[in-house]
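Worksheet for the structure shown next.
This is a predicted model, so every value here is computed, not measured.
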Amino acid sequence: MDELVGRVGHLETSTATIVSDVAEMKPVTDDVKRWMLMGIGALGVTGIAAMALGVSFAEAVRRIVFVVIGKG
């Protein structure tokens, strides 16, 4: 019975340590999630801007080609 009490006490100590470690990690995990969402948003905005720039550049090249060929 004494051995069982000792083992349960050790288990409770281990569990308390794990709970405190997880509590310390939670703010870091939340920050990383926030950074990831911000990064995904920035990539989306950059992608849309690059697409718009590419379309504008393609249209400019098309107009220049039409002027040079004489169809404009």
Side-chain angles (χ1 to χ4, degrees):
M1 192 64 151
D2 289 336
E3 181 185 347
L4 183 61
V5 169
R7 291 178 71 181
V8 169
H10 179 70
L11 183 61
E12 286 178 347
T13 303
S14 297
T15 304
T17 303
I18 291 170
V19 167
S20 72
D21 287 348
V22 169
E24 289 176 12
M25 288 183 235
K26 184 159 176 38
V28 175
T29 305
D30 291 342
D31 284 344
V32 171
K33 285 180 184 177
R34 186 174 49 90
W35 296 338
M36 189 175 69
L37 289 173
M38 288 172 37
I40 290 171
L43 283 175
V45 169
T46 304
I48 290 171
M51 181 181 61
L53 185 63
V55 168
S56 298
F57 181 72
E59 180 64 21
V61 169
R62 186 180 71 86
R63 287 181 187 230
I64 290 170
V65 169
F66 282 163
V67 167
V68 170
I69 291 176
K71 293 184 177 182

With E59 via side-chain hydrogen bond (donor to acceptor under 3.5 Å, both in side chains) - residues at least two apart: R62, R63
Spacing of L43 atom CG and M38 atom CE [to the nearest 0.5 Å]: 12.0 Å
In one Ile/Leu/Val/Met/Phe/Trp/Tyr side-chain cluster, 4.5 Å: F57, V65: yes
Interatomic distance, L4 atom CG to L11 atom CG [nearest 0.5 angstrom]: 10.5 Å
R7, CZ atom: more than 12 neighbouring heavy atoms under 6.0 Å: no
D30 bridged to K26 by N-O distance under 4.0 Å: yes
Side chains of T29 and K33 in contact at under 4.5 Å (non-hydrogen atoms): yes
